[in-house]
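Order of the sequence lines fixes the chain letters, A, B, ..., with proteins taken first and strands second; residue numbering starts at 1 for each chain. None of these values were measured; they are calculated from a predicted model.
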2 protein chains.
Amino acid sequence: MLDEARDRLAANGARLTPVRQRTLEILLESHRAMGAYEVLDRLAAEGFGRQPPVAYRALEFLVEHGLAHRLQRLNAFAACLHPGHDHAPAFLICRECDMLAELPAAPVRDALTELAAESGFQVERATIEALGLCPACAGAARP
Amino acid sequence: MLDEARDRLAANGARLTPVRQRTLEILLESHRAMGAYEVLDRLAAEGFGRQPPVAYRALEFLVEHGLAHRLQRLNAFAACLHPGHDHAPAFLICRECDMLAELPAAPVRDALTELAAESGFQVERATIEALGLCPACAGAARP
DNA sequence: GTTTGACTTGTTATCATGTAACATGAATAA
DNA sequence: TTATTCATGTTACATGATAACAAGTCAAAC
């Protein structure tokens, strides 16, 4: 995963420096949405800077290069699980257990792009996030 | 618009009190996305309370009752332009002029709901926001 | 009509999230 | 090697949001 990321970045003339790599690893390890300050704490504990911009810059960099996503509803970030494939994912956030699922959302994005185009609006980036119940929690709620 | 809002609320046993009404008016007048603190300043200048919860409570109330929307991407709020009609609107935000358009997005929502259902996820609320260029700004950019 | 209880509004205090501006250090290219 | 660009770190601040409590308002029940 990291090697793939490094290659992808090199192709764009960007570098996976230590902070950036560690930030990506932290996101990948925890495998859930993390707030910037949570990431910052981890970084600081490992000897990196302890001021907010350190985390925000690394996270922003990862998002810019498609290696992580920003979740608007949660004010949080998560590693991208399918870097490069379909880059307009939709996110499903379980309101019970906070589980996060990322799914390829080409049809949804297309519907949105087309709808916008009818008003002459050019979509560049779309945020598609749903709140609801994951299968496990839905099952538990209706026994 | 206000009368319609009042009626809709009365039907739900909720009241359009002065702060709430004024908050809705402020959103409607400016007809764009406003931060909570911007709304708060206006309210305070008109003799209402000047502490954050005053604005947040009024805004939250309006959102709860479908009279306003919260825009995750902007950390902002905007009056709902079609209260009651299709309540899963998509938002188009122009990155040049900050124009905000709200459009009925039933097809997009349906596509998302169906996609989620394939994974067993039950969508309750969806956030669909697009960043891009409005017709005016797109025209100006490509002369 | 007064009392009860739910709701509304306001406060203080604090926390969480995000960014601007600047100084220093490392990598790259001329 | 020197100029230039990019990265990292800092301080300081701006913005966004909520918890906890006190006081006022209003309608319904008695």
A:Leu27 versus A:Ala68, closest heavy-atom pair with distance: CD1-CB, 3.9 Å
Nearest to side-chain heavy atoms of A:Val19, which nucleotide of D:dG9, D:dT11, C:dG18: D:dG9
D:dA7 OP1/OP2 closer than 4.0 Å to side-chain N/O of A:Arg57: no
Below 4.0 Å: OP1/OP2 of C:dG18 and any side-chain N or O of A:Arg70: yes
Side chain to side chain, A:Leu92 and A:Cys134, heavy atoms closer than 4.5 Å: no
Upstream residue (5' side of DNA chain C) when B:Gly49 and B:Ala14 are each assigned their closest nucleotide: B:Ala14
Side-chain ion pair, B:Arg57 and B:Glu64, N-O less than 4.0 Å: no
Polar pair under 3.5 Å, donor/acceptor by atom type, side chain B:Tyr37, base D:dA14: no
Closest listed nucleotide, where the reference is the side chain of A:Pro52 and the choices are C:dG18, C:dT11, D:dT10: C:dG18
Whole angstrom value for the distance that separates P of D:dC13 from CD of A:Gln51: 14 Å
A:Glu114 atom CD, over 12 foreign heavy atoms within 6.0 Å: no
Any A:Asn75 side-chain nitrogen or oxygen under 4.0 Å from OP1 or OP2 of C:dG18: yes
